[in-house]
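Proteins get letters first, then strands, A, B, ... in listed order; numbering begins at 1 in each.
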Amino acid sequence: MTTSSPRSGSEPPAAEPSRAYALYHPAVQRWIYNRGWDRLRDAQERAAELIITGERDVIIASATASGKTEAALLPICSVLARQHELNAAAGVAALYVSPLKALINDQYDRIVDLTEPLGLRVHRWHGDAPAAGKARVLRAPSGLLLITPESLEALFVRHADRVRRVFGGLRYAVIDELHSFVGTERGAQLQALLHRVELAAGRRVPRVALSATLGDFAGAAEFLRPRHGPEVAVVASTEPGGEIRLQIRGYVDPAAPAPPGQEPADRGAIADHLFRTLRGTDNLVFANSRAAVEVYADMLAQRAVRAGVPAGFLAHHGSLSKEVREHVEERLKDPTTPVTAVCTSTLELGIDVGSVDSVAQVGAPPTVAGLRQRLGRSGRRPGRPAVLRVYVAEPELAPGLSPTDALRAELFQSVAMIELLTASWYEPPDTTGLHLSTLVQQVLSTTAQHGGATARQLFDSLCASGPFHRVDQATFAALLRDLGRHDLLQQQADGVLLPGREGERLISHYSFYASFRTSLDYRLVADGYTLGSLPVDRPILPGTFLIFSGARWRVISVDTAQRVIELTAAEAGRPPVFPGTGGEVADEVRRAMRRLYRSSETPGYLDATARTLLAEGRAAFHAYGHATHRVFSRGPETVLFPWRGDRIMNTLAVVLAGHGLHIGQDGLAITAGNCSPAQLLDVVRKLAAEPAPDPVALAATVRAKAHDKYDRYLSEDLLNLAYAARALDVPGAWTSLAELASLPSPAG
DNA sequence: GACCTGCTGCGGCCTG
C-alpha cells in the first residue's frame, strides 16, 4: 500500500487524477483520501471499470500485498453504495468466498472499516462465527456476505427455503486465493456452488477472482467460468515486485549415523545457523512436514535453553490445536515479542501475520507457486527486501553412496525452482479432473435442496449447464445407478430421485459439507490443555516419549474410547509419525533440473558448500553418462531416468508394470527389479512403436484407485475414468517413450 | 519421505 500518515476530516479528495478514482462512489473516494493514499495501485486502476460495468468476469492477478482485495472491493462497494441509496434491492448484494476462516476474520475488520460509512452491512459466516450473525443473514439478508465453501454448502442444504431470498439480488461473487481452489475437489465444489447461486438468482452473476500465484491465466479463467474461459478479463499487474535477497545454503549429512540420542550433524548445523541468524526477529521457517517442524522447533528450543535466552521458536502445523496456533499467530503479529514460527504450509497463505523479517525453507520447496507464496510473507514493508534462505542437506560422498544420491537431486530441484520463480513460472493448474467424488456430493446436496429431482434436472444443472461438463450422460447415468445401489438415492414411481437411507444419513451429518476427507484423530492433552491431535491409525502406548508442539513429553495414558492421549513434560522425546501423501513435481521442474545439470553456470546465490554440491552433482551426472543415456544397470536392478514430471513418471510406471516388470518409483528414477537394461530398452522401444493406449483401459490395470471422500460409492468403471483423468498423462508418457527409444543402448 | 482446508443443531449449564 502506498500510504503516508492518515488524514482526518472530509475535505475534497486529493488523490492523483485517475480514471478508476473518478469511477468510485464519493464515499469510497473519501475513504481513500482518509487513508492518505497518494495513488491507486496498478491492479486497482485497471480493474475498476471492468468490475463496475459487470459485463465480464475478472481475474486480478498481482503480487502479495499489492492491494488486490481493494482492487475488487472499492468498485464493488461503489456499485453497492449507489444501489443502497436507491434502496433498490433486498438480499445479499456481494458474496465473498474464502478458503480459510482466519482469512474471513482478517478481512472482516478491514471491510467493515470501508463499508460502514457507506451504510452497507457485512456478515461473516463460517463454523466459528457467531450463530446470531447467521440468523440475521437468513432473516434480513443484505450487504456483503463473507463465507467458506463449506458454510455455503450448509446454507443450501439446511436453509433451502431461504436460498432464493438470500441470493435473489446478488450483484457480485468474489473468490479469494483462487489458486488454492483450481484443480481440486474443493474447487469443483466451489464451481458447483457458484453455479447453484446463479440458478437461485435466476441470472449470471459476475465473478471476481483474486490470486498472486497463477501459473496459467487461461486455465484459471476456464476454472472461474467453465466453458467461457476466453471471455474472462485478466488484470495481471505489471507493477514491479520488490527486491528479493536469496541464498541457498548447502549442508552435508555424514555417512556415519549419529549415535542414539544425538542430533544428526547436518540438522544440527542447520539449526545452529537458524538460531544464530533468526533469534530476536520475526521469521517463518517452512520445514515441509509436520514431523520435521517438530524436530526443528525442538532443536531450536534446546538451543535457546542452552544459551539462556527466552524461547522464541514455536511450532505451527495443522495437527496443533487452535489455541496453540493462535498463540503463535498473536506473537507474530505483536512487534514487541520477536518470534520465529517453524511451520508447514499452514502459514503459507492468507492469515495476516504482518511482515516477517525473513523466510527460511528447509529442504527443497514442494512447488514453485508455494515457494512464491512463502516468499511473499516477507518484504511487505516499503523499502525492505524479501529475504529467503533455502537449506539443503545432501549425503556425504563416501564409498557405497548410490549413484542417484550422488546427483544431489534436492539441491538441483531447489535451484531449478528458484530459477523458475525468478522467471515468474508457476505450476499450471490441472483442470482435467472429473471430480466424481464431489459430483456425488453435489447430486445429494441438490436433491436435498429441492426435495427431489429427476435425473434430467440433475444432469442439466450440474453437468450440461454446470461445472461438471466433462461428465457425459452415460457416465452420469452410471453414477446415479451406483448411488442407487448404495442406497444414497432412491427413485419414486414418477421417476423423481430422493435421498435414500444412506443418503439421508450422510446429508444429515455436518461432516457432509466438506468435499475432502479427514481422519479420526486422538486428542493430545497435557495438564488439561489440548495441544493438538494425532491420527488414530498410529497407536501409541503409555510410557512412549514424544516431541509435540516443539516440547518433549511422556505418554501417561491412552483412552481409546474417548480418543484422548494424556501427556506429561519429559526430558526426552521423538517426533510422532504422521501419515500422508505429498504433491506432484511438475514436468517443467524436472526439465529445468536436467538443463541445470547440463549447464556449467553457477548461480550467485549459492554458498560455498552448495557450490561444491552443485559441482559434485554435475560431475556425477556426466560420470554416470546421464548426458547421453537414460537406462542404467545397478546391481540386480535396471534404472530408468526419464527426467519428466511425476504424472508422466506414474504413467510410465503403470505401463511398464503392465508388461510384467517389477516396477518401483524413486523420485527421479523408475526401477525395474527383474530385467536387464537391454530387456528394459526392448520393452521401451516396443511400446514407443505401438499406438498410445486408452487411458481408461490403462487405469483398469491399477489397483486401489479410491482416493477422494465419496469414491467408495463408485463402481470400478467410474474409478477408472476418474483415475485416468487424475493420475495419468498418456500422451506425455508416449513422447517420453519415443525419446527414450531413440537413445543409444544402455550404459553400465 | 512428503500439506492444507471445513462443518449444524441442540441440550445443558451458568450468569445477569
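- Applying the 3.5 Å distance criterion, the base of B:dG6 shares no donor-acceptor pair with the side chain of A:Ser151.
- Stacking between A:Tyr513 and B:dT8 is absent: the aromatic ring centre is not both under 5.5 angstrom from the base six-membered ring centre and within 30 degrees in plane angle.
- Looking at heavy-atom distances under 4.0 Å, A:Arg186 makes contact with a base.
- Protein atom CD of A:Gln189 is 11 Å distant from nucleotide atom P of B:dC7, rounded to whole Å.
- When heavy atoms are screened at a 4.0 angstrom cut-off, A:His126 is found touching the sugar-phosphate backbone but no base atom.
- Nearest nucleotide to the A:Tyr510 side chain, out of B:dT8, B:dC3, B:dT5: B:dT8.
- Whole-Å rounding puts the A:Asp708 CG to B:dC4 P distance at 18 Å.
- At least one side-chain heavy atom of A:Tyr529 sits under 4.5 Å from a side-chain heavy atom of A:Val324.
- Between A:His317 and the phosphate of B:dT5, there is no side-chain N or O to OP1/OP2 separation shorter than 4.0 Å.
- Taking only side-chain atoms of A:Arg158, from C-beta outward, the nucleotide of B:dT5, B:dG9, B:dC7 with the closest atom is B:dG9.
- Between A:Arg325 and B:dT5 there is a side-chain N or O to OP1 or OP2 distance below 4.0 Å.
- Each of A:Gly318 and A:Asp128 has a nearest nucleotide on DNA chain B; the 5'-most of these lies closest to A:Gly318.
- Taking all atoms of both residues into account, the shortest heavy-atom contact from A:Arg325 to A:Leu320 is NE-O, 3.3 Å.
- Applying the 4.0 Å criterion to OP1 and OP2 of B:dC4, one finds that A:Arg290 has a side-chain N or O inside that range.
- At the heavy-atom level, A:Thr148 lies under 4.0 Å from the strands shown only through sugar-phosphate atoms.
- In this structure, A:Lys134 does not reach the B:dG9 phosphate: none of its side-chain N or O atoms is under 4.0 Å from OP1 or OP2.
- Each of A:Gly127 and A:Ser289 lies near DNA chain B, and the nucleotide nearest A:Ser289 is the one positioned closer to the 5' end.
- In this structure, A:Leu668 places its CG atom 18 Å from P of B:dA2, rounding to the nearest Å.
- Under 4.0 angstrom from either OP1 or OP2 of B:dT8 there lies no side-chain N or O belonging to A:Ser508.
- Atom CD1 of A:Ile147 is separated from atom P of B:dC7 by 9 Å (rounded to the nearest Å).
- Figure legend: A:Arg196 and A:Phe156 shown as a cation-pi pair, the cationic atom lying under 6.0 angstrom from the six-membered ring centre and within 45 degrees of its axis.
- Ring geometry for A:Phe512 against A:Tyr710 counts as tilted: the plane angle lies between 30° and 60°, on a 0 to 90° scale.
- Atom CG of A:Leu155 and atom P of B:dG6 are 18 Å apart (whole Å).
- Listed pair A:Thr344 / B:dC4 meets the phosphate criterion, a side-chain N or O lying under 4.0 Å from OP1 or OP2.
- No hydrogens or angles considered: a donor-acceptor pair under 3.5 Å links the side chains of A:Gln107 and A:Arg110.
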